[in-house]
Colleague: 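The following block contains the structure, expressed as structure tokens.
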Amino acid sequence: MNRRFLFVLGSARPDGNTELLARAAAEQLPAQTEQRWIRLVDHPLPDFVDLRHDSDYVRPPSDTPTGSLLDATLAATDIVIASPLYWYSVSSLTKRYLDHWSGWLRTPGTDFKATMAGRTLWGVAALADSEPSVADPYVGTLNNSAAYLKMRFGGVLLGNGSAPGDVLQDTAALARAKTFFAREAPLAHFPYETAQG
């Protein structure tokens, strides 16, 4: 299967440190690899409403932000969540996108869970802290989401940056970006499954 990357940009501002780091990693992909970049701020999603016990879900039209994001997500072999670290997890724009996955799981005709199984979830994040462990909740959010859907998880590429362009001074992060997407991503597991061996 030819790889099709969907880069979901969760920053409130364009060309932020997270996006710069994601683009540095994407530059290393083979030229024939399809890339689609979507800024969530330009595709405002409505608040997610949990209808599980009240009514049926209906597939959103493709010409709506929700429908176009659903279509793009289903079409991708690799989904890259490029969200800065906000309060130790993903941004609110990104969280809203992930919340909509709950509805897509129950949307007729999408086979969302079966389609996502075996595909790969990646993360890219800029953080203002020099200690990468503060991003553990962010990594956990993506890993556990991938584990639930039986996806592969390629990990999170972290870089340091607060002021615009700072991440371009993080030579270690830029070096990691060169090989980030070249690795074979393992199937995701919940931490308790890993602990059980």
Colleague: Given 3.5 Å as the limit, does a donor-acceptor pair link the side chain of Arg119 with the main chain of Leu74, or not?
Modeller: yes
Colleague: Quick one: OG on Ser68 to CG on Leu45, what's the gap to the nearest 0.5 Å?
Modeller: 8.0 Å
Colleague: Do Leu105 and Leu149 come close enough that some side-chain heavy atom pair is under 4.5 Å?
Modeller: yes
Colleague: Answer whether the closest heavy-atom distance between the side chains of Glu34 and Asn2 falls below 4.5 Å.
Modeller: no
Colleague: Flag the pair Leu93 / Val41 as yes when at least one side-chain heavy-atom distance between them is below 4.5 Å, and no otherwise.
Modeller: yes
Colleague: With the side chain counted from C-beta on, respond yes when Ser11 and Glu19 share a heavy-atom pair under 4.5 Å apart, and no when they do not.
Modeller: no
Colleague: Measure up the His100 and Trp104 rings against each other and bin them: parallel (under 30°), tilted (30 to 60°), perpendicular (over 60°).
Modeller: tilted
Colleague: Establish, yes or no, whether the cationic atom of Arg183 lies under 6.0 Å from the six-membered ring centre of Trp122 and within 45° of the ring axis.
Modeller: no
Colleague: Within 45 degrees of the axis of the six-membered ring of Tyr148 and under 6.0 Å from its centre: does Lys113 put its NZ or CZ there?
Modeller: yes
Colleague: If every non-hydrogen atom of Pro84 is compared with every non-hydrogen atom of Tyr138, which pair is closest and at what distance?
Modeller: O-CE1, 4.0 Å
Colleague: For Val80 and Val124, what are the C-alpha separation, side-chain angles and deciding distance, and is it a side chain to side chain contact (heavy atoms under 4.5 Å, CB included)?
Modeller: CA-CA 7 Å; Val80 183; Val124 179; 3.8 Å; yes
Colleague: So Phe7 and Trp37, would you call those rings parallel, tilted or perpendicular, with 30° and 60° as cut-offs?
Modeller: parallel
Colleague: Counting N and O atoms only, with roles assigned by atom type, does the side chain of Asn143 sit under 3.5 Å from a partner on the main chain of Val139, one being a donor and the other an acceptor?
Modeller: no
Colleague: Would Tyr86 and Thr94 count as having a side-chain donor-acceptor pair, cut-off 3.5 Å?
Modeller: no
Colleague: Looking only at atom types and distance, does a side-chain atom of Arg176 sit under 3.5 Å from a main-chain N or O of Leu158, one as donor and one as acceptor?
Modeller: yes
Colleague: Does the side chain of Val8 reach to within under 4.5 Å of the side chain of Ile38, using non-hydrogen atoms?
Modeller: no
Colleague: In Å and rounded to the nearest 0.5 Å, what is the CZ to OG1 distance from Arg3 to Thr33?
Modeller: 7.0 Å
Colleague: Is Met151 reachable from Leu187 through a run of I, L, V, M, F, W or Y residues, each pair having side-chain heavy atoms under 4.5 Å apart?
Modeller: no
Colleague: To the nearest 0.5 angstrom, please state how far the CZ atom of Arg39 sits from the CZ atom of Arg13.
Modeller: 12.0 Å
Colleague: Does one hydrophobic cluster hold both Phe153 and Phe5, with members joined at side-chain heavy-atom distances below 4.5 Å?
Modeller: no
Colleague: Going by an N to O cut-off under 4.0 Å, is there a salt bridge joining Arg23 and Glu27?
Modeller: no
Colleague: Do you know the tightest heavy-atom contact between Ala188 and Ala147?
Modeller: CB-N, 3.5 Å
Colleague: On a heavy-atom basis, which atom in Leu70 and which in Pro60 lie closest, and how many Å separate them?
Modeller: CD2-CD, 4.0 Å
Colleague: Whether the side chain of Asp78 engages the backbone of Leu121 through a donor-acceptor N/O pair (distance < 3.5 Å, no angle test) should be reported.
Modeller: no
Colleague: First locate atom OG1 of Thr120, then atom CZ of Phe181, and finally report the distance between them rounded to the nearest 0.5 Å.
Modeller: 10.5 Å
Colleague: With distance as the sole test, does Thr77 use its side chain to make a donor-acceptor pair with the main-chain N or O of Arg4 at under 3.5 Å?
Modeller: yes
Colleague: Measure the CG-CG distance between Asp47 and Asp99 for me, rounded to the nearest 0.5 Å.
Modeller: 9.0 Å
Colleague: Would a 4.5 Å heavy-atom cut-off, applied to side chains only, mark Leu20 and Pro164 as touching?
Modeller: no
Colleague: Distance-only, no hydrogens or angles: does the Thr18 side chain make a donor-acceptor pair with backbone N or O of Ala125 under 3.5 Å?
Modeller: no
Colleague: Under the 3.5 angstrom rule, does the side chain of Asn17 hit a backbone N or O of Ala163 as a donor-acceptor pair?
Modeller: yes
Colleague: Under 3.5 Å, side chain of Ser91 to main-chain N/O of Ser83, donor-acceptor pair present?
Modeller: no
Colleague: Spell out, yes or no, whether Ile81 and Leu9 are grouped together once hydrophobic residues are joined by side-chain heavy atoms under 4.5 Å, including indirect joins.
Modeller: no
Colleague: Any link between Leu21 and Phe180 through a network of hydrophobic side chains (Ile, Leu, Val, Met, Phe, Trp, Tyr) touching at under 4.5 Å?
Modeller: yes
Colleague: Can you check whether Ala72's main-chain N or O pairs, donor with acceptor, with Arg36's side chain at less than 3.5 Å?
Modeller: no
Colleague: Taking the side chain from Thr64 and the backbone from Gly67, do they hold a donor-acceptor pair closer than 3.5 Å?
Modeller: yes
Colleague: Can Leu85 be reached from Tyr97 by stepping across I, L, V, M, F, W or Y side chains whose heavy atoms are under 4.5 Å apart?
Modeller: yes
